[in-house]
Number of protein chains: 2
Amino acid sequence: MKEVLIIEDDPEIINLLEIHLQDLSCTVIKAMDGKQGLDLALEKKPDLCILDISLPSMDGIEVCQKIRAVQNTSIIMLTAKSEEIDRVIGLEVGADDYITKPFSIREFIARVKAIFRRAKLIQESMNTESVSELSFDDLSISVEKRRVGVAGKKIELSPKEFELLVLMASHPGKSYSRSDLLRIIWGYDFDGYEHTVNSHINRLRAKIEPDMNEPKFILTTWGVGYKFNEEL
Amino acid sequence: MKEVLIIEDDPEIINLLEIHLQDLSCTVIKAMDGKQGLDLALEKKPDLCILDISLPSMDGIEVCQKIRAVQNTSIIMLTAKSEEIDRVIGLEVGADDYITKPFSIREFIARVKAIFRRAKLIQESMNTESVSELSFDDLSISVEKRRVGVAGKKIELSPKEFELLVLMASHPGKSYSRSDLLRIIWGYDFDGYEHTVNSHINRLRAKIEPDMNEPKFILTTWGVGYKFNEEL
DNA sequence: TTCTCATTTTATAAAATTTTTACATGTTTC
DNA sequence: GAAACATGTAAAAATTTTATAAAATGAGAA
C-alpha cells in the first residue's frame, strides 16, 4: 500500500487529487504549506510527494531540495506556468516529474503510476547485484568476469549489450519497456530515441540467438518491450 | 556482513544514516563524541567509519589521523562546509571520501557502496601477490627478485610497469578499470588523468608482447579497462 | 649543475561502439 | 483488407574509447 503526501494550498486541488489517489488505493496525507509539508515528508517518509511550487511559508523548490537532501522519496512537482518548469529543471531540484496546471486527471494518474513503476524497477535492480553466474540452456554468463558463452563458444559483447543481457537475464520473465531500459542502463538523463534500444537488442540477438527468426533468450513482449525467456 | 561505525553528535543524522546502512545489511555501531569514537574504532576495527568533522571532545580530523595511523579502516568524512573539505585534503588526513552536509541519501549510499567495492578490490589484489614466481607460456616473472623474462631473455621494466604486470598477472581474467589501477598502484590520492594508465600499458606491452597488434598477455576489455589473459 | 630515466601530459590516429536513419516487415484495430 | 502503429534489420554517421608516439615535467644521481 503506497502512501502519498500532497503539499498544496488549494483545497479544491487537494480534494481532486485525493479522490483519484484513493482510487489507486493509496493512503493520502495532506499539508497546506511548505513547512508543514516538509515536516510531514521527513516524518512519514511517503512513497510519493505531490508538491505545488508556490506555497505559503516555504517555496516548493526549497521543500523539494530539503526532502531530497535527506531521503529518497519520489516527487512530482505542480506548476502554474510552464516557464516555472524550466526554472525547476535549471536548478536541478531533482524532482522525478513535473506537471503544469491545469492538468487532466488522466495524465496525472498516468504519471503517478509511472513513478511507482520506476521506483519498483530501481529497487529490484538494486537487489540483484550479487549474482555472479547465470546459466540457461547453452548460454552462460559470468557477470564478474564479464564473459558470455553460447554452446561453449566465447562471445564478445559490447558494454551496452552486456548490461542489457545481465539485467534481463537476472530477471527472467520480467518485461522491460524501452524507456525502462534507457533509464536503468543509459541513465535517467539520456535524451535520445527509444529506438536505440531496438538496435542494441538486435545486435545482441545476432550474437547470442541461434535462430534470429525465433529468439530463444530475448523475447519481444509486443506493445511493451523485451524480456528474458523464463522457460529455460 | 559489514560493520560500520558512525561518529556523529547530531542524533537526527545518526538515525538517518543508521536506517539506510541497515538497508544495505550493515551492522551499525555509534559514538557521539570524538574520544569515544576513536576508542570504538580501535577496539572494533569496523569496515567503515562515517566521521563528522566537528565533534565534542576531539576534532574529527584528529580522530581520522589517529585511526589511520594504526589501522586501515575506510573513512568517509562529513563536513558542513565545502571549505572544510579543502582543509581536510590539505592536511592529508587520508579519508577515503568526503561529503558535505546537507547531502542526499542517494549520494551517500552510492559512496558507501563504492567504498565497499574498492575495499574488496584492494583486498583481492593483496591476496595473491604473495606468490613469488609467475609463469605463463614464455613469460616468467620473479616477484621477489623483481625480474621479468620473455622467451628466456631478460626484460627491464620500470617500477610502475612491473607493478602493473604483477597485479594483473596475479589475477588472470580479472578486468581492472583505469581508475582501479590508479587507486591500487598509484594510491588513492593520485590526481591525474586516467590516460596515464594507457601510456604505461602501452610501454609495458612494447616490452613484453611479441606482437603489439595482437597482445597475448595484456588484453583490453573494451569500455572497461585491461586484464591479463586467463587462457595461458 | 647537468644528465638520465621514469613518469606524466599532450596530440593525433585508429578502432570500436553507439546513435541515428531509412526502410522492411509484422501486428492490431476498425 | 487498409490504416495506424510497433518492431526488425542493416548500414551510415557520430561519438567514445583506445593506441601510439612524442614532448614536457620532475626526481634523483653523477
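Quick note: numbers below take in every heavy atom, side chains included, and nothing from hydrogens, waters or symmetry partners. We name chains A, B, ... by the order of the sequence lines, and we start the count at 1 in each one. Because the structure is predicted, anything quoted here is derived from the model rather than measured.
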Problem - side chain to side chain donor-acceptor pair (under 3.5 Å) between B/R118 and B/S179, intermediate numbers included - result: CA-CA 10 Å; B/R118 284 181 220 167; B/S179 94; over 6 Å; no

What nitrogen or oxygen pairs link the protein and nucleotides 20-22 of chain D at under 3.5 Å?
residue: D/dT20; atom: OP2; partner: B/N202; partner atom: ND2; Å: 3.0
residue: D/dT20; atom: O4; partner: B/H195; partner atom: NE2; Å: 3.3

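One can place CG of A/L182 at 9 Å from P of C/dT19, the figure rounded to the nearest angstrom. Regarding A/L181, its CG atom lies at a distance of 13 Å from the P atom of C/dT19, rounded to whole Å. Rounded to whole Å, the distance from CD on A/E209 to C1' on D/dT9 is 15 Å. Distance NE2 (A/H200) to C1' (C/dA16): 12 Å, rounded to an integer number of Å. When rounded to the nearest whole Å, the span between CD of A/E156 and P of C/dA15 equals 17 Å. The distance from atom NZ of B/K160 to atom P of D/dA27 is 12 Å, rounded to the nearest whole Å. The separation between A/R203 atom CZ and C/dT17 atom P is 9 Å, rounded to whole Å. Atom CD1 of B/I201 is separated from atom C1' of C/dT8 by 15 Å (rounded to the nearest Å).
Electrostatic pairing of B/D96 and B/R183 does not count as a salt bridge here, judged by no charged N lying under 4.0 Å from a carboxylate O. Taking a cutoff of 4.0 Å between a charged side-chain nitrogen and a carboxylate oxygen, B/R117 and B/D180 do not qualify as a salt bridge.
Atom CZ of A/F103 is surrounded by more than 12 heavy atoms from other residues, nucleotides or ligands within 6.0 Å. Summarising the local packing, CD of B/Q71 is surrounded by more than 12 heavy atoms from other residues, nucleotides or ligands at distances under 6.0 Å.
Within the nucleic acid shown, A/F162 has no heavy atom closer than 4.0 Å to any nucleic acid atom. Looking at heavy-atom distances under 4.0 Å, A/T196 makes contact with a base.
Sorted pairs that involve residues 151-160 of chain A and meet salt bridge (Lys or Arg N to Asp or Glu O under 4.0 Å), not counting sequence neighbours, are lacking altogether.
A distance of 5.5 Å separates CG of B/L139 from CZ of B/F228, quoted to the nearest 0.5 Å.
In this structure, B/K120 fails the cation-pi test against B/F116, since its NZ or CZ atom is not both closer than 6.0 Å to the six-membered ring centre and inside 45 degrees of the ring normal.
For the pair B/I7 and B/M58, the minimum side-chain heavy-atom distance is 4.5 Å or more.
Of the candidate nucleotides C/dT17, C/dT8, D/dT18, D/dT18 has the atom nearest to the side chain of B/R178.
The nearest heavy atom of DNA chain C to B/K207 and to A/F190 marks one nucleotide each, and the one closer to the 5' end goes with B/K207.
Phosphate proximity of C/dT8 to B/Y193: absent, as no side-chain N or O sits under 4.0 Å from OP1 or OP2. Side-chain N/O atoms of A/W186 include none lying less than 4.0 angstrom from OP1 or OP2 on C/dT18.
Less than 4.0 Å separates DNA chain D from at least one heavy atom of each of the following residues of residues 222-232 of chain B: B/W222, B/G223, B/V224, B/Y226.
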